[in-house]
Student: 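Handing you this structure, nothing more for now.
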Amino acid sequence: MENFQNNDSLKYLELAKKEEELGNYKEALEYYKKSIEEDTNNVEAYFGWNIINSYIEMENKLKNDDDNSDNINKHMELFNIFNDFLDKRKN
């Protein structure tokens with residue numbers, strides 16, 4: 001059976017996840033973008049890119065609006081659930 005996954009896309013995906021774990025979200029976004037460019041069918045890279053992009057937006061809003069913490073917490077909970085899902089899917 002032939003492996004249809006693009007190795008470069010997977011390498012960039014792994015780099016994105018490492019940067020994400022380190023809290024380097026802008027760098028993670030760049031690697032997710034490169035992963036998508038290498039393989040436009042890499043659904044995990046699209047999800048990662050969208051989640052990190054949303055997280056950066058939430059982080060910026062939090063810096064500008066202290067009263068918005070309840071909404072930020074809800075988004076963070078969703079972010080954590082999605083990450084757990086991806087981790088379980090990998091195993």
Side-chain angles (χ1 to χ4, degrees):
M1 182 172 186
E2 186 177 341
N3 185 357
F4 291 101
Q5 292 182 329
N6 181 307
N7 286 334
D8 288 336
S9 179
L10 294 177
K11 288 177 189 174
Y12 286 128
L13 181 62
E14 289 305 314
L15 290 169
K17 290 178 182 180
K18 287 180 184 176
E19 292 297 333
E20 180 181 340
E21 288 174 11
L22 294 171
N24 300 329
Y25 301 120
K26 290 182 182 180
E27 290 84 355
L29 270 181
E30 288 302 313
Y31 283 124
Y32 280 124
K33 183 178 175 183
K34 288 179 181 182
S35 180
I36 293 166
E37 289 171 355
E38 290 293 328
D39 181 1
T40 57
N41 294 316
N42 189 335
V43 175
E44 190 172 351
Y46 279 107
F47 278 126
W49 185 88
N50 280 309
I51 292 291
I52 295 300
N53 198 41
S54 295
Y55 180 75
I56 289 171
E57 288 178 18
M58 289 185 295
E59 196 173 59
N60 289 337
K61 286 180 182 178
L62 185 60
K63 288 178 186 175
N64 296 327
D65 185 8
D66 291 334
D67 294 332
N68 206 14
S69 61
D70 286 339
N71 288 333
I72 299 298
N73 289 335
K74 289 176 187 174
H75 289 289
M76 287 302 300
E77 186 175 329
L78 179 61
F79 178 75
N80 290 331
I81 290 169
F82 182 72
N83 275 337
D84 289 342
F85 167 77
L86 290 178
D87 287 342
K88 288 177 185 174
R89 184 174 162 229
K90 221 167 59 168
N91 297 329

Student: According to a hydrophobic-cluster definition based on side-chain heavy atoms being under 4.5 Å apart (Ile, Leu, Val, Met, Phe, Trp, Tyr only), do Leu15 and Ile56 belong together?
Tutor: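 Each belongs to a different hydrophobic cluster.
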Student: Write down the atom of Tyr25, the atom of Ile52, and the distance for their closest heavy-atom approach.
Tutor: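 Here Tyr25 and Ile52 meet closest at O-CG2, 3.5 Å.
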Student: For Asp8 and Glu38, work out which heavy atoms get closest and say how close.
Tutor: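 Heavy atoms only, the tightest pair is CB-OE1, 3.7 Å.
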Student: So, taking the atom named OG in Ser9 and the one named NZ in Lys11, what distance separates them when rounded to the nearest 0.5 Å?
Tutor: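 Answer rounded to 0.5 Å: 11.5 Å.
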Student: Is there a continuous path of hydrophobic side-chain contacts, each under 4.5 Å between heavy atoms, that joins Leu13 to Tyr55?
Tutor: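 Yes, one cluster joins them.
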Student: Does some side-chain heavy atom of Tyr31 sit less than 4.5 Å from a side-chain heavy atom of Glu20?
Tutor: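 Side chain of Glu20 against side chain of Tyr31, heavy atoms only: no contact under 4.5 Å found.
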Student: Are the side chains of Tyr12 and Glu30 in touch, meaning some heavy atoms are under 4.5 Å apart?
Tutor: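 SC-SC contact between Tyr12 and Glu30 ruled out.
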Student: Which heavy atom of Ala45 sits nearest to which heavy atom of Tyr32, and what is that distance?
Tutor: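 Heavy-atom minimum between the residues: O-CD2, 3.6 Å.
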Student: Could you pull out the closest heavy-atom pair between Trp49 and Lys33, with the gap in Å?
Tutor: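 It is CD1-N, 4.1 Å.
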